[in-house]
Amino acid sequence: MKEKILRRSDIGRLIDSVGTKGGAFVAPALVARQVVFKAIKSADEVSFDYILARNSYKEFVFPQTEVVADFTFTGNKVDLRGREVEARDTVVFGARPCEATSLSALRAVFTWDFVDEFYTKREDTLVVMTVGCTKADEACFCTTVELSPESKSGSDIYLRETETGDYTVEALTDRGKAFVELHAGCFEEGDAKLKPLVRPEVIKGIDLGKIQSRLAQRENYADPVWGELTRKCIGCGACTYVCPTCHCFDITDEGTAFEAERRKNWDSCQYESFTLHASGHNPRDFQFKRWRNRFMCKFTYYPNKFSSKGCVGCGRCVRVCPVRLDITEAMEELSK
Amino acid sequence: MKIPYYPGCTLNTVAKGLDTSARGAAEALGFEMAELSQWNCCGATFPLSTDNVMGLAAPAKVLSGARKEGDTLTTLCSVCYNVLKRTNKVIKDNREKRAVLNGFIEEDYDGSLNILHYLEVLRDKVGFAKVKEAVKRPLKGVKVGAYYGCMLLRPFEDIGIDNAERPTIFEDLLKALGATPVEFPDKIECCGAHLAMNNEAVVTKLSGNVMASATGVGAELIVTTCPLCQYNLEKSAPKVSQERPGFGAVPVVYFTQILGLALGQDVASLGFDKSVIDIMPLLKNKEII
Amino acid sequence: MSGHEEQSGTTGGYEPKIMAFVCNWCTYAGADLAGTSRMEYRPNVRIIKLPCTGRIDPLFIIKAFENGADGVLVSGCHPGDCHYTTGNYHARRRWIGFKHLMEFTGIDMRRLHFSWVSASEAIKWVDLINNVTDEIKKLGPFMEYRGLKDAPPQAAE
Amino acid sequence: MTDKDMEKTLREKARELLTSGEVKVVIGWGWNRARTKTTPIFITNPDETDRLIFNPLCVNNLSVYLTRKFKDIQALGRPAIVAKGCDIKNIVVLITEAQVKRQDVFIIGMVCEGMVYRQELWKGELTPEIMPTKCHNCDVRNPHVADFVIGGRSAFTPPEAPVGMVFEKIKALDGQAPSERWNFWINEFSRCIKCYACRQVCSLCFCERCITEKNMPQWIETSAHQRGNLSWNLTRAMHLVGRCTFCGECERACPVNIPLNLLNQKMIGVVKDAFDFRSGYDEKTHPPMIVFSPDDKENFIK
Amino acid sequence: MPRIGVFVCQCGNNIAATVDTKKVAEDMAKVPGVVYTCDYKFMCSSPGQEMLKQAIKEQRLDGIIVSACSPHMHEKTFRKASEAAGINPYRCEVTNIREQCSWVHHDQTKRVGTIKSNDLTRMTIERLKKNSPLTRIKIPVKKKALVIGGGIAGIQAALDIAEGGREVILVEKEPSIGGNMARLSETFPTMDCSQCILTPKMVEAELHENIKLYTYSEVEKVDGYIGNFTVQIRRKSKYVDEDRCTGCGECIEKCPFKTDSQFELGLTKRKVIYTPFPQSVPNVPVIDAPNCPKIQKDKCGACAIVCGPKCIDFKMEDKIVTEEFGAIVVATGYQLMPNERFDEYGYGRIKDVINGMQFERLASSSGPTGGEIRRPSDGKVPKSIVFIQCVGSRDEKKGVSYCSKVCCMYTAKHTMLYSHKVHGGQSYVFYMDIRSGGKRYEEFTRKAIEKDNAMYLRGRVSRVYEKDGKVMVQGADTLSGTQVEIEADMVVLATAIVSRDGADTLAQRLGIGYDKYKFYNEYHPKLKPVETVTAGIYLAGTCMGPMDIPESVAQGSAAASKVLALFSSDEMAREPITSVVNKVTCNACWDCVTACPYSAIERDTIKNRQGEVVRWVAKVNDGVCQGCGVCVAACRSKSIDLKGYTDEQVFAAINAF
């Protein structure tokens with residue numbers, strides 16, 4: 001049967017088409033010797049030779065910093081005005097199946113008791129075009145967390161590269177279908193010879209079940225292994241900032257004596273001051289406790305609370321870590 | 001050792017004795033006074049008004065020329081010495097004037113010359129000890145008044161050849177030559193040279209003071225480094241004898257002359273014949289010749 | 001809104017915002033002297049008094065720019081005259097470092113001035129303020145810096 | 001001496017130190033699981049010293065683990081640290097600034113012929129192209145302060161005038177108009193995500209409460225907008241003036257490739273010219289920013 | 001929300017002319033935290049202050065802004081007023097809208113002045129919001145004073161302090177107190193004998209129960225700060241037991257060895273065991289060790305044999321004593337410039353050329369000649385004396401640029417003494433100017449010239465030389481424009497007064513400043529003439545520059561009164577503008593310790609309950625800290641802050657800009 005195909009040569013038209021309809025087109029592009037997700041204007045900005053973009057596309061639904069309210073001081077009263085988020089139709093091209101699944105995790109957090117429109121409104125207008133992986137590196141471990149290049153959850157449109165460098169297009173969600181409709185002119189029907197997908201090897205010795213149950217046991221909380229595993233962690237927030245599922249943020253006011261704005265900024269559980277109490281007491285006073293928190297966040301808290309995936313195995317944290325602290329090495333250790 | 005040497009005008013004429021005897025002595029002491037290939041009058045007065053650049057031009061020319069022939073320059077005449085050394089200081093310390101002067105004499109001289117009086121050469125380069133060894137005719141028993149005058153010593157911070165109030169360099173030399181220097185109060189006073197033209201009375205008085213105070217402490221001979229002093233002292237001697245009863249004039253000669261004498265040079269070559277008051281009787285009865 | 005915008009409104013034309021960090025003993029007193037001697041100078045500078053230039057943290061200057069200063073002036077006792085004997089020597093060291101850093105970052109050095117003004121140099125103070133004000137007025141508002149906050153992060157451009 | 005031999009000596013020395021109890025932990029480099037990248041390891045058990053390695057991939061400056069931030073490592077007891085000359089410079093500064101007592105650390109100095117700029121660049125052999133600027137100008141390939149030196153003496157002598165990309169770029173920037181420099185840096189800083197990896201990886205950023213964590217008042221805006229990014233990067237650079245040793249860890253750790261080495265090396269140059277001081281060579285002399293000389297020269301204070 | 005009151009002063013028309021104070025008051029009412037504003041004609045007037053106090057009570061204000069003149073003018077005034085009304089003085093801030101606004105913007109429209117005043121006031125308001133209440137620092141004061149130098153200034157200071165009921169230790173490096181004044185004959189302009197007025201004071205000092213004399217002693221080391229100095233004093237070995245010695249003088253009688261007497265300036269000899277002069281206080285001889293054969297090579301020992309109370313001990317050694325003081329008075333005095341450098345005057349070569357101090361000895365009835373003027377060379381009574389003034393003084397080339405101040409007067413005195421003692425003797429004085437400013441001073445010099453016919457010649461001396469037994473003086477008389485040559489029997493040089501050798505070392509020990517002539521610097525030449533920059537250390541007498549006896553005495557008393565004021569309370573209060581360390585975040589890198597100009601920061605430890613040191617932290621000594629804030633800027637982790645100028649305050653001010 002004939003398949004829907006997006007020619008690489010047509011991507012330019014797709015970008016224009018999206019642009020003319022007032023949308024933003026986000027795709028992997030080369031910035032400072034790195035491939036990152038970036039809102040782009042033309043096809044020649046797009047880079048196709050990458051495994052994963054350095055950053056997760058979460059920053060287009062959950063910006064690193066955004067103003068949520070403004071206030072001005074007059075007399076003794078403060079006049080505070082909330083900001084309306086005006087979400088712009090955004091399509092993310094070239095996401096990977098692993099990271100696509102992260103959106104459910106994020107949505108869970110931003111909606112479970114209070115609906116954070118700054119997130120939801122953006123996500124509602126987001127179209128994720130996933131491209132199945134034809135490449136992987138030693139840091140990839142999606143298969144180990146029961147995902148794979150075929151995983152489609154979270155994607156609105158699933159693409160696969162063909163031998164000719166074009167893409168077969170599979171619209172999965174209504175939003176995806178609508179998108180393909182809207183920009184029908186950019187797609188065409190045809191046959192395609194698919195490039196084989198590349199699936200990272202499952203890391204032997206890692207057993208999620210074991211990890212789950214081990215973490216479930218209170219006494220293991222104080223297991224000295226944490227200390228040994230993560231002694232080298234220097235406590236920067238790099239891993240959390242590139243992680244597609246990390247979502248912690250901090251509300252802070254910035255301004256002058258006359259006016260100010262309230263900002264929602266990314267925060268990281270790896271920071272010393274993350275859980276620092278006003279008293280000066282810090283329940284996570286050692287780095288390994290902070291790291292343990294992130295780990296359990298991924299493998300216990302969120303799975304249990306939202307039955308959503310905490311870790312999608314994209315391996316970004318491994319690649320970015322200045323001291324090469326590899327989460328899978330911890331997983332392996334904790335599977336024992 | 002070869003030292004660039006600036007004679008100055010007077011030493012080519014009336015003060016020839018100062019020049020020849022010095023060269024001879026140098027030879028005897030094993031160094032050469034290499035006369036500058038080209039030189040002009042030093043101007044003979046260091047401009048008193050400090051901004052008179054023109055007055056500095058002549059000495060500046062001499063200095064820039066000398067620099068091309070070495071890094072030191074020696075001279076004999078106190079006046080030349082005074083003028084050259086002070087001009088050199090100005091060029092060295094005062095950027096603006098250096099620029100103006102260089103512009104005027106069309107040279108690029110920076111004041112790096114080291115100017116030494118012949119006395120300094122003897123003291124610092126040769127050494128009085130060595131001089132002493134070289135002595136052939138010790139001036140035994142001659143009571144000599146070493147007359148510095150003013151130009152050789154002042155202003156101290158510009159000239160600095162020796163302590164301006166209590167100099168000894170001259171006496172030290174005389175001792176080396178076997179003579180007996182006498183300490184007399186007026187040895188650093190002015191002879192009045194600057195007024196020679198327009199107020200002779202002053203010259204007579206001042207020169208008189210000098211000679212009187214020297215003879216007063218028993219000097220039988222006065223030596224000087226300065227053609228002007230030598231000239232004025234001898235010239236005023238007769239008048240002083242008239243004015244001051246009991247004053248007996250003594251010979252006034254250049255230090256280089258008795259240096260040559262002591263070093264055993266031919267007495268005829270020393271130019272004593274130029275002096276008015278004859279030194280020979282003294283030398284004879286001291287049995288030096 | 002702070003006075004400068006308002007002032008611009010009144011005098012017509014643009015009026016630069018200038019912040020001055022001065023030491024209590026020399027420059028502040030010098031500025032007072034300018035007043036007691038009824039001299040006149042441009043009204044654009046706002047002084048923050050500190051005990052000593054040694055107290056001045058480079059962050060003050062950065063903060064001033066962040067708050068929309070078009071120019072910053074730092075001034076204290078002449079070397080050797082410090083009320084605290086050596087405070088201004090420490091300050092001078094820091095400024096040497098900081099100045100080069102700002103220069104390298106591309107801050108226009110005509111917007112950042114350092115000076116020694118003693119308690120008796122009212123005239124110097126007046127000239128300083130007038131010159132600095134005029135120079136910065138020529139340059140216009142420090143848009144490069146003021147604009148920074150609202151520029152979108154690169155990825156979202 | 002080859003890396004292999006050095007590894008051998010290193011392991012023996014480490015074992016000896018641990019068994020004798022002279023040190024309680026050896027801080028060094030080891031392999032990751034895939035044996036493709038090096039990573040800091042902490043050996044407390046004499047039998048595990050064979051995990052220690054040394055090769056051109058050992059880029060990390062381990063001196064950061066000597067700072068008080070790492071309470072748990074300090075709790076282990078007296079450390080021995082495996083360090084290259086450049087790492088030792090940082091240890092020297094730590095000693096000067098009273099963060100470490102010389103006698104409290106055993107320094108195993110590794111003679112070094114250069115490292116890779118980033119581990120990702122490693123293709124199996126060390127070529128000049130993949131070496132960072134610091135290695136091309138390194139005058140401490142033979143460790144200058146150490147309790148035990150491993151490796152044959154390096155014959156390398158650094159060039160008279162420093163060479164390498166960093167210096168070229170600095171020269172280029174200095175030649176530009178202020179506005180060009182401004183645009184360059186604002187563009188670079190705009191990528192900053194305020195992850196503070198540059199701070200955390202730097203052993204001289206040893207403050208137990210960084211000024212960015214101080215919020216009364218909040219001198220440095222936590223937001224990762226360009227203004228907050230600028231003030232952070234300026235402050236970081238300023239705090240390292242006269243202290244930074246150009247080890248390059250900050251730039252290596254930066255996930256968004258901000259060329260921090262330019263800033264640091266620029267200020268190192270300034271300090272050299274203005275105060276004739278080079279950081280990391282002598283633990284006796286105070287860093288220049290906390291002392292002064294009555295005749296410091298400058299031409300901009302009117 | 002705070003309750004801040006803003007008071008805008010019109011200062012008559014001084015401010016109101018250029019600033020619309022009413023509008024400022026209105027605008028400021030809109031600023032958050034401000035609950036009351038007003039403007040008034042003269043805030044500093046008593047009704048103005050009353051208004052302020054009242055508002056504080058009625059409006060329950062907790063912070064005060066006064067926008068008026070420079071804080072240097074009235075900050076104290078308004079803070080006092082606020083305190084009186086019951087709020088912390090440091091919650092009151094003054095905005096400078098006069099010196100730095102209204103007075104410098106006459107040329108501008110009133111609008112501009114108003115706008116600037118608004119800004120400045122707003123900045124101060126924001127700053128004030130961050131002002132925490134401060135309490136003045138109390139420092140305990142040790143009520144015991146150290147006086148260094150037993151000259152007239154030091155004696156006076158010691159006596160006054162002692163009379164004030166406080167303990168004093170008077171340290172003198174010579175064997176006897178008295179200083180230079182003890183050498184003088186009569187004193188101008190009253191001509192009363194120096195000994196006669198000084199000796200009683202010396203004795204009084206010796207006998208006073210509150211004064212302890214440490215003669216033959218020197219200050220070795222000074223630590224601490226105002227109210228709490230710790231001083232090490234070296235008590236040089238006298239080889240004579242002070243407590244047992246009766247001062248009978250037998251030992252001196254019997255001592256067979258002589259050497260030059262420093263006290264008599266070489267005009268005569270003294271024994272090797274000696275008291276500097278007959279009226280020495282204490283009247284205890286000391287052995288001049290370097291010249292004593294017994295001590296040097298164990299010969300003689302006569303003194304010990306004749307000593308009744310057996311109080312001579314050749315083995316005695318220096319003692320270092322450590323004492324604590326609340327205040328220090330420095331009165332180390334002066335010395336004369338060595339004349340040898342003036343070859344033209346022949347001092348040192350020509351016996352009969354002496355200096356003024358030597359003449360004092362010749363004229364002193366207790367001097368080597370019993371008060372008869374006899375010249376050193378042959379003891380003849382000089383028929384004529386030439387006095388040369390400004391020898392070294394006012395002479396930048398060879399001497400010092402300043403005027404030694406007393407020479408004109410004492411030279412006039414010398415001519416009088418001479419004409420009284422030697423009838424028919426003629427004195428000549430070469431002078432540059434006669435400086436006789438002071439009560440009855442001018443009359444005094446006139447008298448010297450008119451009654452005692454001293455011949456004053458305005459001009460300099462070019463040369464002094466000997467000629468058959470005479471001292472010939474060549475000089476210029478610029479008034480008659482002629483050269484003069486005087487045949488004198490003796491020449492007296494009025495040599496410049498200079499600071500003592502080692503004045504700089506002592507200054508460094510004390511941490512006080514000195515000028516290029518090593519005279520000590522007063523804190524302020526007019527308004528703080530006896531204070532130094534180092535709190536608690538005061539100056540008196542010629543250690544700060546040439547001055548005469550009345551001045552020295554006045555300063556001694558002035559310094560004493562400062563000390564007594566300091567001692568009047570058990571604690572002294574200081575402005576609380578000092579640094580404070582945040583122990584939680586301090587990294588103990590000691591940068592602040594290195595940077596502090598006052599070494600006011602110490603290394604401190606935090607201990608756990610077991611008393612083990614858990615960490616090191618910096619600690620500021622409030623007593624020493626002067627509040628410059630150098631440490632604050634040096635601290636990267638912002639772990640030090642400066643009270644009164646905290647980061648928060650500055651930050652707030654910038655934010656309101």
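Source: prediction; values computed, not measured.
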### Message
Which atoms of Val271(D) are under 4.5 Å from chain C, going by heavy atoms: the side chain, the backbone, both sets, or neither?
### Response
neither

### Message
For Ile290(D), which atoms come within 4.5 Å of any heavy atom of chain C: side chain, backbone, both, or neither?
### Response
backbone

### Query
Looking at Arg227(D) and Glu221(D), does any basic side-chain N land under 4.0 Å from a carboxylate oxygen?
yes

### Message
Please check this pair: side chain of Arg243(D) against backbone of Ser279(D), looking for a donor-acceptor N/O pair closer than 3.5 Å.
### Response
no

### Message
Below 4.5 Å, heavy-atom pairs only: which of Val74(C), Asp57(C), Asp108(C), Thr86(C) has the largest tally toward chain D?
### Response
Thr86(C)

### Task
Among Lys63(C), Arg94(C), His113(C), Met102(C), single out the residue with the greatest number of heavy-atom pairs under 4.5 Å to chain D.
Lys63(C)

### Query
With Ile220(D), which of Asn229(D), Thr212(D), Leu230(D) fulfils side-chain contact (heavy atoms from CB on, under 4.5 Å)?
Thr212(D)

### Message
Can you tell me which portion of Met238(D) sits under 4.5 Å from chain C's heavy atoms? Options are side chain, backbone, both or neither.
### Response
both

### Query
Given that the side chain runs from C-beta out, which part of Leu101(C) has a heavy atom under 4.5 Å from chain D: side chain, backbone, both or neither?
both

### Query
Taking every heavy-atom pair that is under 4.5 Å apart, which of Lys99(C), Lys124(C), His100(C) has the most such pairs with chain D?
Lys99(C)

### Task
Find out whether Tyr145(C) and Ile62(C) are in side-chain contact, i.e. whether some heavy atom of one side chain is under 4.5 Å from a heavy atom of the other.
yes

### Task
Please flag which part of Asp273(D) lies under 4.5 Å from any non-hydrogen atom of chain C: side chain, backbone, both or neither.
neither

### Query
Would Asp139(D) and Arg278(D) satisfy salt bridge (charged side-chain N to carboxylate O under 4.0 Å, His left out), going step by step from the backbone distance to the final call?
CA-CA 12 Å; Asp139(D) 58 356; Arg278(D) 295 190 315 156; 3.0 Å; yes

### Task
Give the ring-plane orientation class for Trp25(C) versus His83(C), where under 30° counts as parallel, over 60° as perpendicular and anything between as tilted.
parallel

### Task
Could you grab the distance from atom CG of Leu62(D) to atom NZ of Lys84(D), nearest 0.5 Å is fine?
6.5 Å

### Query
Given a strict heavy-atom distance threshold of 4.5 Å, which part of Gln218(D) is in contact with chain C: side chain, backbone, both, or neither?
backbone

### Query
Side chain of Arg252(D), backbone of Cys250(D): donor and acceptor closer than 3.5 Å?
no

### Query
Parallel under 30°, tilted from 30 to 60°, perpendicular over 60°: which one fits the rings of Trp182(D) and Phe142(C)?
tilted

### Query
Which one of Leu173(D), Thr235(D), Leu234(D) has the most heavy-atom pairs closer than 4.5 Å to chain C?
Leu234(D)

### Task
Between chain D and each of Phe98(C), Phe60(C), Tyr89(C), Trp116(C), count heavy-atom pairs under 4.5 Å; write down the option with the most.
Tyr89(C)

### Message
Taking side chain as everything from C-beta outward and backbone as N, CA, C, O, which of these in Phe65(C) sits under 4.5 Å from a heavy atom of chain D? Side chain, backbone, both or neither.
### Response
neither

### Task
Can you tell which part of Met109(C) gets under 4.5 Å to a heavy atom of chain D, answering side chain, backbone, both or neither?
neither

#### Entry: Portion of Pro58(C) that has a non-hydrogen atom of chain D nearer than 4.5 angstrom
side chain

### Task
May I ask you to decide if the ring planes of Tyr41(C) and Trp125(C) are parallel, tilted or perpendicular, using 30° and 60° as cut-offs?
perpendicular

### Task
Counting only heavy atoms closer than 4.5 Å, note whether Ser223(D) contacts chain C via side chain, backbone, both or neither.
neither

### Query
At a heavy-atom separation under 4.5 Å, does Ile107(C) approach chain D through its side chain, its backbone, both, or neither?
both

